[in-house]
Amino acid sequence: MSSSDLSETKELAQNRALGYALFADLFFQEANEAFVERLRESALAGADDAAFFAEPLVGLNMQEAVSQLRSEYAALFLAMSATPVFTSESAYLSSSNCLMQEQRDQVVRAYRAEGFEVSEDFRQPEDHIAVELSFMSRLCALAASSAERGDDAMFLEYTAKQKEFYQTHIARWVPLFCQLVQDHPKASFFRPVACRLDGFLAMEASLLDEALLPA
């Protein structure tokens, strides 16, 4: 891989890692002051997606912003409405449509193979959308590190792992999750978030099909 190709490949993998991490953070849990502060700081730093997501919070003080986001998160994802949107893969793909099914076991095996650990403070199933997106961010970061070292073999290996996880898990349920969020009558902040995530994942499908290698 030439030096220019190497630089482009590393930068792309780094940007993808940041993208997955941002979306994971948005869906991780109910908002708190630290979350709102991170979002606003990212927006001020010039991060386009963060600025877009922070726009509905303009004019709100910290207490108002946190309260609004927590209320919406609870209504959408914590069964505080008549039509909650489930946040775990098992609810969409298991034969019983229940939580903690074979899909959860599958992702746990994938995490362990890469030494990826879910925080003990996280009280949701391991196939929660935020965890799966965090894992993809980790794989992208490892690919970026491999590219920086000039290790083409490891870069290709981590790319293959990304593609497998994306196609086996994320692509099979997250687009539907995004659509359900966008259609939910109580979605406000999370409607454009879900729309952007859906578009991001569509681009991911194209990139992974091309193996992320320069032409």
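Keep in mind the model is a prediction, meaning the values are calculated, not measured.
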Carefully, step by step, assess Phe155 and Thr9 under the rule side chain to side chain contact (heavy atoms under 4.5 Å, CB included). CA-CA 9 Å; Phe155 172 79; Thr9 299; 3.1 Å; yes

Can you tell if the side chain of [X] reaches within under 4.5 Å of the side chain of [Y], non-hydrogen atoms only?
| X | Y | value |
| --- | --- | --- |
| Phe77 | Pro84 | no |
| Leu207 | Leu12 | yes |
| Gln179 | Asp183 | yes |
| Tyr111 | Glu117 | no |
| Phe53 | Phe190 | no |

Would you name the heavy atoms of [X] and [Y] that are closest together and state the gap between them?
| X | Y | value |
| --- | --- | --- |
| Phe189 | Pro56 | CD1-CG, 4.5 Å |
| Ala141 | Ala17 | N-CB, 3.8 Å |
| Leu69 | Ala31 | CB-CB, 3.6 Å |
| Ser81 | His184 | OG-NE2, 3.4 Å |
| Leu133 | Ile170 | CD2-CD1, 4.2 Å |
| Tyr158 | Leu139 | CB-O, 4.1 Å |

Using modelled atom types only, decide if a donor and an acceptor are shared between the side chain of [X] and the backbone of [Y] within a distance under 3.5 Å.
| X | Y | result |
| --- | --- | --- |
| Arg191 | Gln182 | yes |
| Ser67 | Gln63 | no |
| Arg40 | Leu57 | yes |
| Ser88 | Ala91 | no |
| Tyr92 | Phe86 | yes |
| Ser90 | Leu99 | no |
| Ser206 | Ala202 | no |

Centroid-centroid under 6.0 Å between Phe28 and His128 rings: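 Ring-ring flag for Phe28/His128: false, centres at least 6.0 Å apart.
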
Distance flag, aromatic centroids of Phe177 and Phe27, threshold under 6.0 Å: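 Centroid separation for Phe27 and Phe177: below 6.0 Å.
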
Point-to-point distance, once rounded to the nearest 0.5 Å, from [atom1] of [X] to [atom2] of [Y]:
| X | Y | atom1 | atom2 | answer |
| --- | --- | --- | --- | --- |
| Gln124 | Ile129 | CD | CD1 | 12.5 Å |
| Arg38 | Asn32 | CZ | CG | 6.5 Å |
| Arg149 | Lys10 | CZ | NZ | 12.0 Å |
| Glu157 | Leu142 | CD | CG | 10.0 Å |
| Ser137 | Arg16 | OG | CZ | 9.5 Å |
| Asp209 | Lys163 | CG | NZ | 5.0 Å |

Ion pair check, Glu72 and Lys186, cut-off under 4.0 Å: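 Between Lys186 and Glu72 there is no salt bridge, as every charged N stays at least 4.0 Å from the carboxylate O atoms.
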
Let me know which of Arg104, Gln103, Gln106 forms a side chain to side chain donor-acceptor pair (under 3.5 Å) with Glu126.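 It is Arg104, the one option of Arg104, Gln103, Gln106 that forms the side chain to side chain donor-acceptor pair (under 3.5 Å) with Glu126.
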
Is it the case that one hydrophobic cluster holds both [X] and [Y], taking links as side-chain heavy atoms less than 4.5 Å apart, direct or via other members?
| X | Y | result |
| --- | --- | --- |
| Leu197 | Leu18 | no |
| Leu22 | Phe200 | yes |
| Leu60 | Val193 | yes |
| Phe122 | Tyr73 | yes |
| Phe116 | Val108 | no |

Within 6.0 Å of [atom1] in [X], more than 12 heavy atoms from elsewhere:
| X | atom1 | answer |
| --- | --- | --- |
| Glu64 | CD | yes |
| Glu114 | CD | yes |
| Met62 | CE | yes |
| Asn61 | CG | yes |

For the pair Gln101 and Asp127, evaluate side chain to side chain contact (heavy atoms under 4.5 Å, CB included) and give the outcome as yes or no after the intermediate values. CA-CA 9 Å; Gln101 301 301 304; Asp127 59 345; over 6 Å; no

List the steps, then state whether side chain to side chain contact (heavy atoms under 4.5 Å, CB included) holds for Glu148 with Asp151. CA-CA 8 Å; Glu148 187 171 24; Asp151 191 336; over 6 Å; no

Tell me yes or no: between the side chains of Glu132 and His169, is some donor less than 3.5 Å from an acceptor?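 The criterion, which ignores hydrogens and geometry beyond distance, is not satisfied for His169 and Glu132.
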
Does a donor on one side chain and an acceptor on the other come within less than 3.5 Å for Glu204 and Tyr20?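 Distance-only check passes for Glu204 and Tyr20.
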
Within 45° cone of Phe23 ring axis and under 6.0 Å: Arg196 NZ or CZ: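 Negative - Arg196 is either too far from the ring of Phe23 or too far off its axis.
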
